[in-house]
Colleague: 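Just passing along the structure, written as C-alpha cells.
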Amino acid sequence: MNLKERNMNVNINAVSDSEVGLAGTNQESSSLTETLFGADTLSIRQRVEASRSTFLNSTDATDDMPIENIRDKFMALDIPSQGSNVDAYLDKLDQDVLPHCSHLASPRYMGHMTSPIPSFLPEIGRLVQTLNQNVVKMETSRSLTFLERQVIGMLHREIFRFDHEFYQSHLQSISEALGIFTSGGTLANIGALWTAWRRAQDRHPAQMQQSVGTLNKPVIIGSELLHYSFDKGAHLLGAHLHKVPVNDRFQIDLDALREAIEQFRQAGQPIICIVAIAGTTDYGSVDDLRAICELAHDVEAHVHVDAAWGGGLILSERNRSLLDGIELADTVTIDGHKQLMLPLGCGLLFFRDPTFSQATVHHAPYAVRATSYDQGRFTLEGSRPVNALYLHAALHIIGKQGYDDLYTESLGRARYMAQAIDARAEFELIAPPSMNILAYRYIPQAYRGKPLDEQDNNHISQFNIALQKAQRQKGDSFVSRTFRPIKRYQNQSLALLRAVLLNPLTKHDDIDFLLNDQIQIARSLEAAG
Ligand SMILES: *Cc1c(COP(=O)(O)O)cnc(C)c1O
C-alpha cells in the first residue's frame, strides 16, 4: 500500500476533522498525520527485522563492488515530492545501502575499534528514541538527567576511588559535575583541553594574558601518537601542540618530555596541558600514567589521560593495573563505544575534582539556568540524546565480572595472535600487544632473513599497502593499516598492518584464518610481481 492508498484508507475510516477538533487543518494533512504518527509499528518492525537479519547473515565477502561504484549510487539529488510507504523505502535500502555496509561485527573483521554490540542494546535504543529525552536540561529529561549523572559517578568512582562521603555530596550536586557525556572521544578530549585552558587562565592569569594573541602560544604536550582530536582542539584554542617521541614500547619518552617541559618553561610559554595516552590508537600502548601525572603536577599543568581506547579496562579487576596512575589525572576521556561495547555516541569526560566542571560553565536564561540540574551548562554540545541509558543498561546487564571476563579473553586473543605471527616466517611483529591491538607486517620472500635498508623498507611498505587493500577487496577477513616511524629502523616510517582484537566473537581459528588468508593473497601478489 502506498501513501496515497493509505491516505484514502485513513480518510474513509477517520472521523471527520471537526469532530476531533483539528480546526484549521485540511483533510489531506490530517491523514498524513495519521500515517506518520498512528502507523502500524508492528508491521514496520517486522519489515525492518527482515533487513536486519539479511545484513547480519551476510559478510563483506558478499559485496565485492568497488568503492567508486558504491559512490555512484549516491548521486541523485531530487527529494521525492510524493512520499512512499515504509516497505518501498526499506526495499530501496535493501537494494542500495545495506549490502555495502561494513561488517564490523564479523569475527574475521579485526581492523577497527568498533565492536559488535550486545543484542540487548539496539532494543534499549528503541527506548532511547521513543522517550526522546533531551539531557541538555532537566525540564526535558527529569529522571534521566539524574541517571546520566549516576552512571558518570559509577565510572568516576572506578577511576578515582574517592570515599562514600565524596560521592554523596558531589554525585547530584547542583553546582558541578563529576563528568559529562559527549558524542565521542574527540569531543571529550576537546572538552578536556578547554577545561585545561580555562584553569590556566584562572591559575596563571598574567602569564596567559601575555601569551594569548602573541606568537608565544600556550602549549599542550603529548606524544607523537596523540589522537588527531588534539590537533583539532589545539587549533580551536589557538594553542601550540608539541609532540614528543616515543620509546621502543610506543610510550612517551619521559626524558624527552622532561626536556620539552624545561624548554617551554625557560621560554616563558605557559604549559596548559600535558596529555598521557592509555591505549594509543595505533598500538594500544599505555604511557607511564603515574610518572606523567606527577611531572605535570610538579609544574602546575593540567594533566589529561586520553583513555578513549583503554579506559574500559578500569572495570576489570584482573587488568586494571594496566591503567595504574590514572587516578592522578585531572581529567580522563573514555569512549563507551569502544571497549565498553556500546553503540556509537557514548564518549565520556571525567573531572577528578568536580570544581573543574565549573571552568567552562555557560548558561542561557530561557532554558539552561545557572541554578538548576541542567547538564547543558557543562557540555560543549547542546541538545543530546540520553545515550547514558546504554551505559546504564550495560553496567547492569553485563556487570563488572562480565567485563572482566570479556577483557581477559580479549587480551588473551591478542597474545595468541602475536604468537601466531611470530610462528610464521612470512610476518614481522612490530608492536607486541600491550593491550589488545598489535602491529605487524608481511615480509615478501625476497626480503626475508636479511638486513633491510631504507629502500627495502619502502618496497615492503608498498607491498603491505597493496596487501591490505587486496584483502579488504576480497572481503573474507580484514585488518586496518597505519604508517608510523619505527625506532628499530632508524625512525623510518613504515606501513604496518594493525589488528584490533576486541570482538568477543573472534576465535583463535578466525585469527589463523586471517593470517593464512593474508599469506595467500600476498603470494599471489608476489607471483604477479
Ligand atoms: C578513538 C579515539 C579517540 C577519538 O574518539 P572518537 O570517539 O572517534 O571521537 C581519541 N583518542 C583515542 C586514543 C582513541 O582511540
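This chain uses plain numbering: 1 for the first residue, then up along the sequence. Whatever order the structure lists them in is the order used to number ligands and atoms, beginning at 1.
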Colleague: Do the side chains of Arg352 and Glu327 get close enough for a salt bridge, i.e. N-O under 4.0 angstrom?
Modeller: no
Colleague: Can you see whether Asp287 engages Gln251 through a side-chain donor-acceptor pair at a distance of less than 3.5 angstrom?
Modeller: no
Colleague: Where is the nearest protein heavy atom to atom 10 (C) of ligand 1: which residue, which atom, and how far?
Modeller: His227 CG, 3.2 Å
Colleague: Given that the side chain starts at C-beta and the backbone is N, CA, C, O, which of these parts of Thr333 lies under 4.0 Å from ligand 1, counting heavy atoms, or is it both or neither?
Modeller: neither
Colleague: Just going by heavy-atom distances, which of Thr280, Thr186, Thr114 is nearest to atom 9 (O) of ligand 1?
Modeller: Thr186
Colleague: Could you tell me if Ser477 and Asp517 have a donor-acceptor pair between their side chains, going purely by distance under 3.5 Å?
Modeller: yes
Colleague: Among all protein heavy atoms, pick out the one at the shortest distance from atom 5 (O) of ligand 1; state its residue, atom name and that distance to 0.1 Å.
Modeller: Asp335 OD2, 3.0 Å
Colleague: Taking both backbone and side-chain atoms of His337, is any N or O found less than 3.5 Å from an N or O belonging to ligand 1?
Modeller: yes
Colleague: Would the number of heavy atoms belonging to other residues, nucleotides or ligands and lying under 6.0 Å from NZ of Lys469 be above 12?
Modeller: no
Colleague: Using distance alone, with no hydrogens and no angle criterion, decide if Ser410 and Asn436 have a side-chain donor and acceptor under 3.5 Å apart.
Modeller: yes
Colleague: Give a yes/no on ligand 1: does Gly347 have at least one heavy atom closer than 4.0 angstrom to it?
Modeller: no
Colleague: When you measure from atom 11 (N) of ligand 1 to every protein heavy atom, which one gives the shortest distance, and what is it?
Modeller: Asp306 OD2, 2.6 Å
Colleague: Can you check whether Gly185 has an N/O within less than 3.5 Å of an N/O in ligand 1?
Modeller: yes
Colleague: Got the closest protein heavy atom to atom 14 (C) of ligand 1, with its distance?
Modeller: Lys338 NZ, 2.8 Å
Colleague: How close do Leu225 and Phe250 get, heavy atom to heavy atom, and via which atoms?
Modeller: CD1-O, 3.6 Å
